[in-house]
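First comes the structure, then the notes that go with it.
Start at 1 and go down the list; that is how both ligands and their atoms are numbered.
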Amino acid sequence: MLDFDTAQDRLIQAAVRPTRTERVPIADAVGRVVATNVLAAIDIPPADNSAMDGYAVRIADVTPEQALPIQQRCYAGDVPQALKPGHAIRLFTGSLMPAGADTVIIQENCSEQDDQVTIHQLPKAGANVRYQGEDMGKDKTIILKGKRLSSGHVAMLASQGITHIDVYPVPKIGILTTGDELAQLGQPLQEGQIYNSNAPMLAVLIQQLKAQVHLTLHAKDTLEDIQQALSTLCESCDLVLTVGGVSVGDKDLVKPAIEGLGGEMQLWKVRMKPGKPVALAHLHNTPIVGLPGNPVSAYAVFTLMVSPMIRVLQGRRHALPRVFYGKLDSTKTFKGSREEFIRVQVRPDADGFMYLTPHAQQGSAIISSLAWATGLARIPAHTEIKNGDTIAYYDFKHWGF
Ligand SMILES: Nc1nc2c(c(=O)[nH]1)N[C@H]1C(S)=C(S)[C@@H](COP(=O)(O)OP(=O)(O)OC[C@H]3O[C@@H](n4cnc5c(N)ncnc54)[C@H](O)[C@@H]3O)O[C@H]1N2
Ligand code: MOO
């Protein structure tokens, strides 16, 4: 059996970076991944300007409590005159700095009478000036290729006058659920059935990452049904996720179905809990990840191993989000032969440490624990982990987006 890190890496390697690009309006670009380095077309701010309402002066000309004649009133959008020696120019937040002025005195520290201003308190030279290019310098790279765009990036692009941006296409993900025991939502539940909760769960996990759920199918537990669904999904998706039927039971048919279609299994079974039966295969060049059917297992494997693949398919710079560390807060001691990812809630404490409290029920079918948890804590194999020990923490806020 493979160890978790090797398996995670194999899955990442199975995802292909995008090459095609498309151009979208910046207002539609949030969550999309930039396909080129974006350079600043202009300096921002385009010229030195005032950060405050006040008076532009040459600081060397100013003596406190001595009146200076006001040469001009210059509003934001106006073009200022060059400042004459021994004068002040009245200006406002965003007004251009006059040539010859080096400092803005805020109006609260001045009094104005008969077109003269008296300055009561002197700031440092250069105070309250926003300098040309201090935010973004012309021709400098302002957004790196592979960045997922946020609202902040949209503001940057708009400030540059950029209306459209080249991004990578949204990867299309297919979902195949299997199992004769599953009822679809909206159908009455027959004896022996449970609702198909994995399909909607995976769909929202995919959407949170800003990938597209291209097609969701459900197959009965027959080779034929599973093969038909797999063929359809692999034809039109960049990545196919199957759920269930990947373990060792009589009706665990996903593996034989892929192999029967001429697909190639690259990996099956990982030394991790939950998620042991996870599988990776290719069919007609499309990667397929076989997720275990237990909802917690499917959620954990998606978060830890499939989300990095999706980030690669999206063209993002980093497949793996940050892993944090925290201290176990539990009376229970953990030790197992498989590496374990337990559902925890994180609690930052006044001492600056993060404390990780495990959910009381760590079974792979405890769906309610998923809504309770804020992330997964990693318990190494063959190591006793007890209260206060430091362990790795995979936060859903980082790993799910
Ligand atoms: N003898 C063994 N039994 C099992 C092993 C093993 O090594 N030897 N591994 C266990 C582990 S670990 C897991 S995880 C599961 C994985 O099984 P499968 O991936 O084959 O999944 P299924 O058997 O089809 O289903 C497991 C469980 O999940 C429920 N399920 C499936 N799909 C959905 C869905 N879409 N929505 C909600 N719930 C779903 C299903 O009803 C089962 O209860 O195998 C263990 N067994
Ligand atoms: O490894 Mo299974 O994924 O525990 O439930």
Legend entry - Reference residue Trp399; test ring-ring contact (aromatic ring centres under 6.0 Å, His included); the match among Phe302, Tyr394, Tyr393: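 Exactly one option meets the ring-ring contact (aromatic ring centres under 6.0 Å, His included) with Trp399, and it is Tyr394.
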Could you identify the single nearest non-hydrogen protein atom to [atom] and state the distance to 0.1 Å?
atom: atom 35 (N) of ligand 1; answer: Asn196 OD1, 2.8 Å
atom: atom 32 (N) of ligand 1; answer: Asn198 ND2, 3.6 Å
atom: atom 5 (O) of ligand 2; answer: Ser364 OG, 2.6 Å
atom: atom 23 (O) of ligand 1; answer: Asp252 OD1, 3.8 Å

Need the ligand 1 atom indices (1-based, order shown) with element for anything under 4.0 Å from a heavy-atom of [X].
X: Ser197; answer: 36 (N), 37 (C)
X: Val246; answer: 18 (P), 19 (O), 20 (O)
X: Tyr195; answer: 36 (N), 37 (C)

Does even one non-hydrogen atom of [X] get within less than 4.0 Å of ligand 1?
X: Ser297; answer: yes
X: Gly245; answer: yes
X: Gly179; answer: no

Legend entry - Atom indices of ligand 2 within 4.0 angstrom of Ser297 heavy atoms, with elements: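 Atoms satisfying the 4.0 Å criterion: 2 (Mo), 3 (O), 5 (O).
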Legend entry - Test of proximity, Arg338 against ligand 1: N or O pairs below 3.5 Å: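 In fact, backbone or side chain, Arg338 has no N or O that close.
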Just checking, any donor-acceptor pair under 3.5 angstrom between side chains of [X] and [Y]?
X: Tyr355; Y: Asp351; answer: yes
X: Gln132; Y: Asp43; answer: yes
X: Thr177; Y: Asn196; answer: yes
X: Glu65; Y: His120; answer: yes

Legend entry - Side chain, backbone, both or neither: Val243 near ligand 1, heavy atoms under 4.0 Å: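 Neither part.
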Legend entry - Within 6.0 Å of CD in Gln184, more than 12 heavy atoms from elsewhere: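 More than 12 within 6.0 Å, yes.
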